[in-house]
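Everything on this sheet refers to the single structure shown next.
Chain identifiers are assigned alphabetically (A, B, ...) following the order of the sequence lines, protein sequences preceding nucleic acid strands; residue numbering begins at 1 within each chain.
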There are 2 protein chains.
Amino acid sequence: MVERKVTSVDVARRAGVSQSAVSRTFTPGASVSVATREKVLAAAQALGYRPNMLARGLITRTTGLVGVVVGDLGNPYHPILFESLASRLQDRGKRPLLVHVPPQGTADAAVFEVLQYQIDGIILVAGSFAEATARECLAIGTPVVLVGRGIGDEGAEKLVDTVSSDNAGGARLAVEALVAAGHRRIAFIAGRRDTHSNSERHSAFLQALARHGLEPAGEEEGSYSYEGGRAAAQRLLARSPLPEALFCANDLMALGALDALRAAGLDVPGEISVVGFDDIPMAAWPAYELTTLRQDVDGIVTHAVDLLEARLSDHGRTAEQVILDVTLVKRNSARL
Amino acid sequence: MVERKVTSVDVARRAGVSQSAVSRTFTPGASVSVATREKVLAAAQALGYRPNMLARGLITRTTGLVGVVVGDLGNPYHPILFESLASRLQDRGKRPLLVHVPPQGTADAAVFEVLQYQIDGIILVAGSFAEATARECLAIGTPVVLVGRGIGDEGAEKLVDTVSSDNAGGARLAVEALVAAGHRRIAFIAGRRDTHSNSERHSAFLQALARHGLEPAGEEEGSYSYEGGRAAAQRLLARSPLPEALFCANDLMALGALDALRAAGLDVPGEISVVGFDDIPMAAWPAYELTTLRQDVDGIVTHAVDLLEARLSDHGRTAEQVILDVTLVKRNSARL
DNA sequence: GCCGAGGCCGCATACGTATGCAAAAATCTG
DNA sequence: CAGATTTTTGCATACGTATGCGGCCTCGGC
């Protein structure tokens with residue numbers, strides 16, 4: 001088996017034209033007559049020719065590859081976002097080059113690795129990111145879009161494009177609804193301390209409480225996982241008086257918390273309310289019927305790739321920070 | 001902002017050596033003295049040089065890119081498998097180039113697209129695949145590994161490497177356990193009809209029943225989704241006599257079925273047993289405690305990338321079909 | 001001090017495609 | 001139908017790196 005790759009030169013020879021003609025046939029918008037195009041296409045078809053994107057990328061300086069940094073696909077919210085993102089990118093003719101960062105890991109090292117592939121841009125859905133790394137990406141003309149996260153070092157805002165949900169607004173929504181329904185002792189189950197989303201949700205939670213002259217009725221960290229949420233709820237259950245409501249920084253923890261509360265024989269929402277964040281599919285399952293704050297996944301993804309493309313066509317534009325509304329979906333885990 | 005990429009030539013000039021020296025410094029196992037290596041590294045560091053993988057791949061004919069075809073990340077089993085696969089690939093110095101195929105879609109078109117990136121191999125975790133496509137990949141020296149699926153056209157076995165769980169064995173295990181516990185009227189909730197896994201689980205289910213002189217107490221399709229499983233269970237509930245047990249082709253459907261049964265006021269496992277397949281995390285949640293067949297995700301992933309690498313270092317080797325054991329994990333959704 | 005053996009190095013070329021430029025062909029204009 | 005204009009074409013070169021080859025240098029052994 002001869003492992004001959006068929007190149008544009010082979011096609012050219014067979015079609016009786018120049019290599020340029022072949023290239024032009026496969027370059028949309030290039031100047032080729034229909035006659036030659038047909039000849040070339042026929043030859044290409046016969047030989048099974050496929051343009052070599054590496055060689056092409058070497059010249060055009062654009063590969064169609066987009067680095068996508070993800071992590072913790074165990075949280076159902078992420079695969080959903082990711083799937084949407086991947087197919088959106090594909091629709092726009094781009095290909096996601098994956099970078100998986102382990103739970104605690106930082107994305108910097110991996111980012112430098114994918115930069116070698118001359119990617120057109122980077123979308124960060126997980127992991128943190130040092131400002132220096134961002135600067136370097138921008139310096140070599142690779143746009144960066146952060147989704148659902150801030151840049152590691154604060155103050156470096158206006159540097160990269162950003163899209164995320166209105167975390168603060170969501171937390172406020174939850175607190176207002178709970179307070180309006182008469183809850184006073186409201187506890188918080190936090191996600192990973194080192195995340196942007198958690199700090200925003202957390203501090204907005206505190207502020208909203210304060211606005212009503214309230215203090216949190218407990219705070220525990222659940223690391224954004226089901227197990228973590230369960231354990232956090234259990235710790236909260238040791239307090240007395242018991243909290244009347246739990247606001248969880250994401251749904252997965254809320255589900256864990258719900259299971260812990262039930263195991264303890266508590267009636268939800270009769271004796272205690274639970275509110276989550278994200279609105280993952282499981283939240284709607286009859287076994288949970290979780291009241292939660294829905295993130296606009298579609299909007300997030302759309303804005304993310306829009307920002308990326310905008311940046312690609314105008315490298316000089318100033319970074320934009322998109323914040324998307326979050327909606328409270330009332331189900332049956334909170335007395336509202 | 002001048003968008004000058006720094007190349008090996010720039011580094012060479014600055015380090016006062018030839019471009020070859022730079023290249024050799026970044027090529028493991030090449031012949032360079034420590035002195036020049038240091039000079040080069042220093043210059044590279046100062047300039048922020050990163051080798052261009054495209055140019056490199058053009059020459060070495062190996063990119064480190066592996067096409068990974070995924071789909072339906074809404075089923076929690078997939079992101080788990082996918083995450084494991086991605087990080088395993090990364091550990092071996094390869095990068096997953098993602099191809100997302102829509103639910104019903106075939107992977108062929110997308111595969112041809114990623115082939116243009118001169119990927120080193122393809123791992124198919126979703127989507128189907130025409131034999132012709134496989135042959136073409138092999139013809140140009142791109143190994144293909146199918147995980148959890150067969151090749152579209154049957155009979156083309158020995159063509160590509162394959163790793164999957166022992167679906168038949170799993171179905172048998174489930175039926176034997178159910179029958180041994182005294183169940184007689186056992187129904188089946190099927191996954192997508194066009195999948196390999198579903199046909200294997202289905203026919204082994206029928207055979208196992210037949211071995212005991214039994215017929216299925218109903219069969220409904222649930223398309224591998226939660227909603228599908230729920231609807232299928234509802235249809236099954238219309239039958240009389242009611243089935244005594246439900247064997248579901250995957251966990252997600254089993255959870256949907258469970259919720260449907262409960263909504264109908266049935267006691268599980270008192271009045272009816274439910275067995276799933278996969279062992280996704282939600283199966284262990286106290287709200288479900290689903291008895292199911294666990295797939296060895298880790299083993300699957302390991303074998304998949306092992307097979308890929310084996311093929312890469314010896315293109316002539318004959319295809320291998322790895323089948324991994326599945327284990328019955330007894331929880332509380334089936335009277336066993 | 002001489003010779004042989006390696007180890008390093010630089011030169012030149014190749015990988016497969018896109019594209020500016022000028023020539024050629026086709027089309028239009030009056 | 002000639003000239004002007006546009007479209008199409010081929011030539012040559014560039015993208016950034018890897019690598020075979022021959023030459024240089026170094027070092028050790030005698």
Exercise for the section: Would you mind reading off the distance between Arg56(A) atom CZ and dC15(C) atom C1', rounded to a whole angstrom? Expected result: 16 Å
Problem - Shortest side-chain distance from Ile59(A), nucleotide among dT17(C), dT19(D), dG10(D) - result: dT17(C)
Practice task
Answer yes or no: does a side-chain N or O of Ser8(B) lie under 4.0 Å from OP1 or OP2 of dG16(D)?
Solution key: no
Exercise for the section: Compute the centroid of each ring, for Tyr117(B) and then for Tyr117(A), and state whether the two points are separated by less than 6.0 Å. Expected result: no
Practice task
Provide, to the nearest angstrom, the distance between the CD atom belonging to Gln19(A) and the P atom belonging to dC15(C).
Solution key: 13 Å
Fill in the blank from the handout: Whole-Å distance, Arg61(B) CZ to dA18(D) P, equals 15 Å
Practice task
Output the single nucleotide from dA18(C), dG20(D), dG16(C) whose closest atom is nearest the side chain of Thr27(A).
Solution key: dA18(C)
Handout entry: Lys5(B) side chain, from C-beta outward: closest of dA12(D), dG10(C), dG16(D)
Key = dG16(D)
Practice task
Among Arg88(A), Arg311(A), Arg92(A), find the residue that satisfies the side chain to side chain donor-acceptor pair (under 3.5 Å) test when tested with Asp306(A).
Solution key: Arg92(A)
Practice task
May I ask you to verify whether the side chain of Arg50(A) and the base of dG16(C) hold a donor-acceptor pair under 3.5 Å?
Solution key: no
Problem - Phosphate-side-chain proximity, Ser18(B) and dG10(C), N/O vs OP1/OP2 below 4.0 Å - result: yes
Exercise for the section: Kindly say whether Val125(A) contributes a backbone atom to a donor-acceptor pair with the side chain of Arg149(A) at under 3.5 angstrom? Expected result: yes
Fill in the blank from the handout: From the list Val305(B), Ile300(B), Ile323(B), Thr302(B), side-chain contact (heavy atoms from CB on, under 4.5 Å) with Val163(B) holds only for Ile300(B)
Problem - For atom CZ of Arg24(A) and atom P of dC11(D), their distance in whole Å - result: 11 Å
Practice task
Would you please confirm or rule out a distance under 4.0 Å between OP1 or OP2 of dC9(C) and any side-chain N or O of Thr36(B)?
Solution key: yes
Problem - First encountered from the 5' end of DNA chain D, between Leu58(A) and Val34(A) - result: Val34(A)
Fill in the blank from the handout: From CG of Leu54(B) across to C1' of dA18(D) the rounded distance in Å is 15 Å
Problem - Separation of atom CG in Asn52(A) from atom C1' in dA14(C), rounded to whole Å - result: 14 Å
Handout entry: Check: His78(A) side chain, Asp72(A) main-chain N or O, donor-acceptor pair, under 3.5 Å
Key = yes
Exercise for the section: Identify which nucleotide among dC21(D), dA18(C), dC11(D) has an atom closest to any side-chain atom of Ser20(A), counting heavy atoms from C-beta outward. Expected result: dC11(D)
Completion exercise
To the nearest angstrom, the NZ-P distance between Lys39(B) and dC9(C) comes to 8 Å
Problem - Short side-chain N/O contact from Ser23(A) to OP1 or OP2 of dA18(C), under 4.0 Å - result: yes
Exercise for the section: Scan Val22(A) against the nucleic acid and name what it touches under 4.0 Å (heavy atoms): base, sugar-phosphate only, or nothing. Expected result: nothing
Practice task
Ignoring hydrogens and angles, tell me if any N or O in the side chain of Ser84(A) forms a donor-acceptor pair with the backbone of Ile80(A) under 3.5 Å.
Solution key: no
Practice task
Give a yes/no answer on whether the side chain of Tyr49(B) brings an N or O atom under 4.0 Å of OP1 or OP2 in dT17(D).
Solution key: yes
Exercise for the section: Report which part of the nucleic acid Ser33(A) touches: base, sugar-phosphate, or nothing (heavy-atom distance under 4.0 Å, all strands). Expected result: sugar-phosphate
Problem - Spacing between Asp10(B) atom CG and dC15(D) atom P, to the nearest angstrom - result: 11 Å
